[in-house]
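Below, read A as the first sequence line, B as the second, and so on, with proteins coming before strands; counting in each chain starts at 1.
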Protein chains: 2
Amino acid sequence: MDTGSSLQNRVPRKRRKMQRVTMIDVAKLAQVSPSTVSLYLRKPSAVSPAAGQEIARAISTLGYVPNLVAGGLAAASSKVVSVIVPSIRNAFFAETVSTLQSELALEGLQVILGHSEYGEDQEEALVRTALAWAPAAVVLTGLSHSPETRKLLQASGVPVVEMWEIGGKPVDMAVGFSHPQVGASAARHLLSKGRRSIAFLGARMQEDHRAAKRASGFAEEAKLAAERTTCEIINHPGAATVEAGSLLLGRALQQVPSLDGIACSNDLIALGALFECQRQGIAVPDRIAVVGFGDLDFSTSCIPSLTTIRPSGDLIGKEVARLILAGIHGEHPAGASRIIDTGHVLIERRST
Amino acid sequence: MDTGSSLQNRVPRKRRKMQRVTMIDVAKLAQVSPSTVSLYLRKPSAVSPAAGQEIARAISTLGYVPNLVAGGLAAASSKVVSVIVPSIRNAFFAETVSTLQSELALEGLQVILGHSEYGEDQEEALVRTALAWAPAAVVLTGLSHSPETRKLLQASGVPVVEMWEIGGKPVDMAVGFSHPQVGASAARHLLSKGRRSIAFLGARMQEDHRAAKRASGFAEEAKLAAERTTCEIINHPGAATVEAGSLLLGRALQQVPSLDGIACSNDLIALGALFECQRQGIAVPDRIAVVGFGDLDFSTSCIPSLTTIRPSGDLIGKEVARLILAGIHGEHPAGASRIIDTGHVLIERRST
DNA sequence: GATGTCCATCGTAGCGCTATGATGGGTATA
DNA sequence: TATACCCATCATAGCGCTACGATGGACATC
């Protein structure tokens, strides 16, 4: 091919070493053109059964693995979905990501993971790299993002799903539930149990806007209640851990000696509170009722078993996947169906 | 350019619609060649400060986002590290993946995540897609893989790190610790506390080979002990959850009424066992001593606080990242330094 | 002044694939 | 028999970037 058609004759360039099996090799062996192989790979039904068989045989004898990078470049959109969560260590998001990944894998989509550690600047940087992959979709957590992030996403034209929160204006699509409503449910439940001195125990609420919204929903609902109801919001600046829960309960008792009901922004915190009660000889639920959030693994087994609110992390993952796949298949949901409320359920157990 | 040099004249092809800002746009605006822009992006120091500034300005005015897919294709290796874990819901792996992701992000590497659900076939499929991304490295969990998986990996020439286990022959590199030794440490600790009727409680050990190895290390060590020592291994076929722990303790007591010490393959199981003891009025550690594995969040706070073995999931993540980055920078570790033992630490608390 | 070296910069051939439109033979329709 | 229409298949132009080697000016050395 080196025709020397330009101004000067040039030494044929050393081609990069390369021994990888390509689609062309498959095509040669199967005695068809590369386009047919490509077509077969993307839409087997469009190729005659005879040719298909021949191609399949060639693929397996050569051990051909398609190069998705090349495919992504040619198709101007890669088979990748970029998912950005605050933290993968958080069981909530781990569950969602896990489900999402499984669902997307069925359609040959890969998940690229990033975590923002609850930082908007970090998130912005992650979105930037995410877009550099020309992903099939971008999935973010929550509805709070920097203006620059929103601009980047909007300009990109890539489908965007914001998950784990609804109630604001999403960039594109949203799947989740209302956090204030979760807080309200918790408060209503405690009030219905006759508790009048209640508190919300949360962690990292300066950064975790969703937890903060649960707290304010809780406080709002308490305000609506009969008089003689006191309500406190207590925050731990560190991460939501069992240990934080123990600390928070201690602080709550100090601040509100008459405390008779708490809601926690996370089951881990609730578990810590239960432990602290046990340590201090406080009867649960007799003296203090405890409501958690998350319905984590241990909530049925702990002592007493934990009344909690289940946000259905896996359902969120499923719905996000559904939205993304619909978009890829050309069925772009419109209007209200671009926002999906997965709701929440209060599960009453022994702790209230 | 459409020279019509081939057999027939052809209508100039409709070019694909395209409005994305490319490197060429940046180059034009900065009045340099595209190569210089590319060079600047990859190695800013190789470009004169004047040109560099010009390019930087152009990038920001155009809002240029490099296309990593194109870069990956041209460079024959994408800035992606494919990580395959059994389950991201498992706190151990969540921790490692989280750390790994953070470390790699510092060097502009992305993590593509897959989970195998402890299935070798699933893992093989994941490895296949992973390789389709021409990743900078592949990270797997454990040393047990299907022969086909090993063959695929070896043939690919991509750096491979197997994590969370050492003690066998890795495909390429390994970072982790010896699971039999963990089991042995647990047994030794229980024996040192005078326990003679001990059991190992594990979950899903038919699939989770590492848990099974901890169990057999435990049993081996028990065998070496003074006579009159009995040792049982009890398996729960489902996932390692708190609930499973409660069930397992019940079964253990049934099988070994004289039970006075247990080791669990996971802190969640240990926590479930603690709860069950509390429910049945069994004193821990007086009647039964409990050793966990994982040093999870709650282990310090639960009642009694849990003696456990810390495997340092974040250290594993860090070391995996180090190995990968060294490889990318051309420093290929050789020989023994391709296997890194992150060890384990037994942390004694109140439960023994 | 000639030659060599170094450095910043440049030109361009691919990387492996997909999308577009063309081709040509077979079948249905006029 | 002529025409239209399909369908399976094919040829090829990019997708946006990187890496290779070339270029030419600045400076040092002979």
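For residues 128-157 of chain A, the set of pairs meeting the salt bridge (Lys or Arg N to Asp or Glu O under 4.0 Å) definition, not counting sequence neighbours, comprises E124(A)-R128(A), R128(A)-E148(A), E148(A)-K151(A). For residues 28-50 of chain B, no pair satisfies salt bridge (Lys or Arg N to Asp or Glu O under 4.0 Å), with sequence neighbours left out.
From one end of the helix from dG1(C)-dC30(D) to dA30(C)-dT1(D) to the other, with five pairs defining each end axis, the axis direction shifts by 40° (rounded to 10°).
The ring pair (Phe, Tyr, Trp, His ring centres under 6.0 Å) search around Y40(B) returns none, not counting sequence neighbours. E123(A) meets the salt bridge (charged side-chain N to carboxylate O under 4.0 Å, His left out) test with no other residue; sequence neighbours excluded. Looking at residues two or more places apart in sequence or on another chain, you find no salt bridge (charged side-chain N to carboxylate O under 4.0 Å, His left out) involving E103(B). Shown here are the side chain to side chain contact (heavy atoms under 4.5 Å, CB included) partners of Q31(A), two or more places apart in sequence or in another chain: there are none.
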Strictly under 3.5 Å: I want the nitrogen or oxygen pairs between protein and nucleotides 5-7 of chain D, one per line.
none

Nucleotide N/O to protein N/O under 3.5 Å, stretch nucleotides 6-9 of chain C:
unit_1	atom_1	unit_2	atom_2	d
dT9(C)	OP1	S48(B)	OG	2.7
dT9(C)	OP2	S48(B)	N	2.9

Please list each protein N or O that sits under 3.5 Å from an N or O in nucleotides 25-28 of chain C, with the distance.
none

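Atoms CD1 (I24(B)) and C1' (dT18(D)) sit 13 Å apart, rounded to a whole Å.
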Could you list the donor-acceptor pairs under 3.5 angstrom formed between side-chain atoms of residues 67-76 of chain A and any protein atom two or more places apart in sequence or on another chain?
unit_1	atom_1	unit_2	atom_2	d
N67(A)	OD1	V69(A)	N	2.8
N67(A)	OD1	A70(A)	N	3.2

Could you tabulate the donor-acceptor pairs under 3.5 Å formed by side-chain atoms of residues 154-163 of chain A, not counting sequence neighbours?
unit_1	atom_1	unit_2	atom_2	d
S156(A)	OG	L153(A)	O	2.7
S156(A)	OG	V158(A)	N	3.1
E162(A)	OE1	V171(A)	N	2.6
E162(A)	OE2	H145(A)	NE2	2.7

